[in-house]
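Notes for the one structure printed next.
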Protein chains: 2
Amino acid sequence: MLAGFRTLADRATIELGRRGYPDVRPVHDFALHAIRSGAQNASELGRATSVTKQAAARTIATLEQRGYVSRQVDPADRRKMRLMITERGHSLMSEGEAVFEELRNQLELDVGAEALEQAEAVLQTLVGENAVRLDSPGWSAGGVDGDE
Amino acid sequence: MLAGFRTLADRATIELGRRGYPDVRPVHDFALHAIRSGAQNASELGRATSVTKQAAARTIATLEQRGYVSRQVDPADRRKMRLMITERGHSLMSEGEAVFEELRNQLELDVGAEALEQAEAVLQTLVGENAVRLDSPGWSAGGVDGDE
DNA sequence: TTGATATCGACAACCGTGTTGTCTATTCTA
DNA sequence: TAGAATAGACAACACGGTTGTCGATATCAA
């Protein structure tokens, strides 16, 4: 009874694969959103997605390989590689949003609009609560020894 | 808005760590439940959790290492290693359930009993729908090329 | 009884996504 | 200008999944 979102994300992934974006995973879409919302380089992306800059750099690398973002040295600060979402990247994002919309609509048909909204509110509360403490990286994989 | 369950599972993991069960992850609890519900060996566990038997065997290995299950050759079929949950394993499961209960109660305080139930029903629908097609392993990591 | 076939579990190699830790290049600051 | 901070690259590793192979055991059919 715990796997609700996994389910949703997995289905969206599958559907996207079916529509011409294979080998795209939730992480990638997540990263693209963060980039579009202002993350301009690997370090920023890492901070935005609560992940080390190394992990972010890797995600960017695959995103670049697959043609969803491009990088270019920041003329103002030559340490930085500025990120730009390509045309294909934007297409992916729209398609992803469409897929999600469809899944949501489907679910709404199944359970009713009211129930769905309620459920979304609950989940919102859930993630909202600990969004505060997402600042520290390393919560999920490595150090679970939560001594504060 | 997508990370609801991750959140829940992560918090439970952290709390369990705090209570004397560090290095326990959702997978482990998941596996223990499957074992308690009848999975008697690695292959069965794999089938029960929609994972290859190799992955299941690994999970079992770490579970055994940490002292949560023990294994013993099945006298009736000497290919099989029968799984038994140890005392410590049962303690972990109770503790896990307690933690979950607490988290659920906390959430219920935040959003109200009615909303929570509604949300659970929605999620139930969500996973219920595709529980039917969980039979094929390899949905999440490898082959997302969903051509049926 | 024997031989083909299926299953169990182990092992090895690999992938994806995360982590540390170290390093160089660059920029900021006192 | 010296020192500190930051960006990003690289390497090594962990974890949890995958495939593929293999020997040992069971099972089923001639």
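Here is the naming used below: chain letters follow the sequence lines, and residue numbers restart at 1 for every chain.
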Heavy-atom pair with the smallest gap, counting every atom of Val122(B) and Ala115(A): CG2-O, 3.8 Å

Nearest non-hydrogen partners of Ala12(B) and Val99(B), listed with the distance: CA-CG1, 3.8 Å

Rounded to whole Å, how long is the line connecting atom [atom1] of [X] with atom [atom2] of [N]?
| X | N | atom1 | atom2 | answer |
| --- | --- | --- | --- | --- |
| Asp23(B) | dT19(C) | CG | P | 18 Å |
| Arg58(A) | dC15(D) | CZ | P | 16 Å |
| Asp10(B) | dC15(D) | CG | C1' | 14 Å |
| Ile60(A) | dG16(C) | CD1 | P | 17 Å |
| Gln40(B) | dT7(C) | CD | P | 18 Å |

Positions of residues 61-80 of chain B (non-hydrogen atom under 4.0 Å from DNA chain C), listed by number: Arg71(B), Arg79(B), Lys80(B)

Indicate whether OP1 or OP2 belonging to [N] is found under 4.0 Å from a side-chain N or O atom of [X].
| X | N | answer |
| --- | --- | --- |
| Ser43(A) | dT6(D) | no |
| His28(A) | dG16(C) | no |
| Thr59(A) | dG18(C) | yes |
| Arg25(A) | dT17(C) | yes |

Listing, residues 26-37 of chain A side-chain donor-acceptor contacts under 3.5 Å, not counting sequence neighbours, or none:
residue, atom, partner, partner atom, Å
His28(A), ND1, Arg25(A), N, 2.9
Asp29(A), OD2, His33(A), ND1, 3.3
His33(A), ND1, Asp29(A), O, 3.1
His33(A), NE2, Glu97(A), OE2, 3.4
Arg36(A), NH2, Glu97(A), OE2, 3.2
Ser37(A), OG, His33(A), O, 2.7

Rounded to the nearest 0.5 Å, how far apart are [atom1] of [X] and [atom2] of [Y]?
| X | Y | atom1 | atom2 | value |
| --- | --- | --- | --- | --- |
| Glu102(B) | Glu108(B) | CD | CD | 13.5 Å |
| Ile60(B) | Asn41(B) | CD1 | CG | 7.5 Å |
| Arg11(A) | Gln106(A) | CZ | CD | 8.0 Å |

Closest-nucleotide ordering on DNA chain D, the 5'-leading residue of Glu44(A) and Val27(B): Glu44(A)

Touch class at under 4.0 angstrom, heavy-atom based, for Ala42(A) against every strand present: sugar-phosphate

Minimum-distance nucleotide to Met81(A) side chain [options: dG17(D), dC15(D), dG8(D)]: dG8(D)

Along DNA chain C (nearest heavy atom to each residue), the more 5'-positioned of Lys53(A) and Arg47(B): Arg47(B)

Criterion salt bridge (charged side-chain N to carboxylate O under 4.0 Å, His left out) on Arg19(A) and Glu15(A), from CA distance to verdict: CA-CA 6 Å; Arg19(A) 298 188 186 190; Glu15(A) 189 52 33; 3.0 Å; yes

Base dG20(D) to side chain Gln54(B), donor-acceptor N/O within 3.5 Å cut-off: yes

